[in-house]
Amino acid sequence: MTKRGETAISPTREEDYSEWYQQVIKASDLAERSAVRGCMVIKPWGYALWENIVDALDAMFKATGVQNAYFPLFIPLSFLKKEAEHVEGFAKECAVVTHHRLEKAPDGGLVPAGLLQEPLVIRPTSETIIGDSFSRWVSSYRDLPILINQWANVVRWELRPRIFLRTSEFLWQEGHTVHAAPEEAVERALLMLDIYARLAEEYLAMPVIKGRKTASERFPGAVDTFSIESIMQDRKALQAGTSHFLGQNFAKASGIKFQNTDEKEEFAWTTSWGSSTRMIGGLIMTHGDDDGIILPPRVASAHAVLLPIYRSLEEKTDVMIYAESLAKELRGIRYHDAPLRVVIDDRETGGVRNWIWIKKGIPLRVEIGPRDIAQNAVYLGRRDKKSSDKFSIKREAFVGSITQLLDEIQKNLFERALSYRNAHTITLDDRDGFYAFFTPKNADQPEIHGGFALSHWCGSQDCESKIKEDLGVTIRCVPFENAPQNGSCIGCGKPSNERVVFAKAY
RNA sequence: CGGGGCGUGGCGCAGUCUGGAAGCGCGCCUGCUUUGGGAGCAGGAAGUCGGAGGUUCAAAUCCUCUCGCCCCGACCA
């Protein structure tokens, strides 16, 4: 649909950000919506990306002693009742299985039959069912800590789904740990948050702010919730990973008790931490441009595509031999401990094919034609540069420098995202300025506006909810790296000793 | 669940007000010519106009009901 001179994605981010997001996903072939409302089909190009994220996270988890396990999809309703606050947080979005059979209906259709004695809730998260196991796994302080992670799907019945960002079913990992001491549990929760931050920054090239959630934004049932927050190109914040210190709340609910060194029985201290396919949404909205997604090399579904260019069959033969040998050579190179992922696309030559790969966000496009072969070179395009900004490079130099090149792209993307965040992070001390910052100029057709506002907050939930009510702006987190500073609350003017991050959020 | 918008080949849309043979662009298929920045020409396939009911000689168009999607709000990773 796009023509020369236009952007590959229409509308542009500026024109209609939400629609741009949908179109980018379609154009990049990452995923599509399914017949079931709120659910998505993750297509191979998107799933490869997810697998790379999974591999990176999984390795980091295991390096800290975490082991993988798997717990059931179905949670007995009675389990959820155990932790009142927790239930309240999720009750509104639970899918419930009530029958275990289908029978022929009089009209020829099928109807559910075989009513279950106890309804089963499809896990919205697994604290309760894992807690049930943990209660049996733990009896002594010698059994602790328990460090478990599971890769799974969960279901939260969403009212307003948005592909990757908020789907009714999504893929994630949920870690659950049990400790003998609260300090140790907090330390674990923070350690896992660090891993999320590393994943975001080093792999997804998404700069994040680590911090603590305010009481109102806390996970239901948690004592403390930590998160990483990232800015999207519409200047809204995305929570890309959370880690919770659950205190003894869930241990009490599930009966996770142990005998300590003083021979006394006490409830254990637990944590849970999760990150999901939502991160892919964040990736798209952090790096994508009006020509499609841009995949950071560390997690890219593929690093390079070789694009043979030829006129005749003889040329094709020569070009393909060259391309195959180059692909083989590249695949022998290791990039951050894994072989380079290289694909050859020998479909019809011409510009369309080139644009397909731009839209898919592949870091490197490697054109190979007779001219290049004659010079023993390739013609290279980088996704982090303008699409027309291509250059010739000797094959040997290319092969020798590709890993540095990918790292450079990775770094570029991160720095670009960081400078975007810096450009849209503002320190605000007056209430009027704060309200102006978060108010669109055109209320009917809000333009991209706002950003991260660093402002003082007195700590009162009233001020927080007033601002949320007025502007739809919430406190994303109280950053860990925060210089103490005296000021007055942006809401009520009362004294405050540190700034928090205000933003509209996904 | 409240407010707004939209459902017409794979994608994007026109046609609906004022009823009268289902169209356009892109994509797809075939052939020829092309080919290092989104190729050209010729031919072709593909739509029960979201669904059901009604009005009418005649419905994409009018009426009633219904389903779905998108945006804003509430909720959420």
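Owing to the predicted nature of the structure, the values given are computational and were not obtained by experimental measurement. Side-chain atoms are counted along with the backbone in the values below, which use heavy atoms only and exclude waters and symmetry mates. A, B, ... follow the sequence lines: proteins, then strands. Residue 1 opens every chain.
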Ring-plane angle category for A:H86 and A:F250, please: parallel below 30°, perpendicular beyond 60°, tilted otherwise.
perpendicular

What interatomic distance, in whole Å, is found between [atom1] of [M] and the corresponding atom of [N]?
N: B:rG27; M: B:rA39; atom1: C1'; value: 15 Å
N: B:rA42; M: B:rG51; atom1: P; value: 35 Å
N: B:rG10; M: B:rG73; atom1: C1'; value: 34 Å
N: B:rG19; M: B:rC49; atom1: C1'; value: 15 Å
N: B:rC72; M: B:rU35; atom1: C1'; value: 48 Å
N: B:rG3; M: B:rG47; atom1: P; value: 38 Å
N: B:rG50; M: B:rG68; atom1: P; value: 16 Å
N: B:rU16; M: B:rC6; atom1: C1'; value: 14 Å

Presence of [X] side-chain N/O under 4.0 Å of [N] phosphate oxygens OP1/OP2:
X: A:K468; N: B:rG73; result: no
X: A:R160; N: B:rC70; result: no
X: A:R353; N: B:rU35; result: no

To the nearest angstrom, how far is [X] atom [atom1] from [N] atom [atom2]?
X: A:W20; N: B:rC70; atom1: CH2; atom2: P; answer: 17 Å
X: A:E19; N: B:rC69; atom1: CD; atom2: C1'; answer: 11 Å
X: A:R166; N: B:rC72; atom1: CZ; atom2: P; answer: 9 Å
X: A:E32; N: B:rC11; atom1: CD; atom2: P; answer: 10 Å

So what does [X] hit on the nucleic acid, given a heavy-atom distance under 4.0 Å: a base, only sugar-phosphate, or nothing?
X: A:D16; result: nothing
X: A:Y506; result: base
X: A:K26; result: sugar-phosphate
X: A:L165; result: base

Do other residues, nucleotides or ligands put more than 12 heavy atoms under 6.0 Å from A:Y47 OH? no

Near-ring test A:F438/A:F434, centroid separation under 6.0 angstrom: yes

task = Using the ring of A:W172 (Phe, Tyr or Trp, six-membered ring only), decide whether A:R156 places NZ or CZ under 6.0 Å from its centre and within 45 degrees of its axis.
result = yes

With a cut-off of under 6.0 Å to the ring centre and 45° to the axis, is A:K43 in cation-pi contact with A:W45? no

Regarding the side chain of A:E158, the nearest nucleotide among B:rC75, B:rG36, B:rA39 is B:rC75

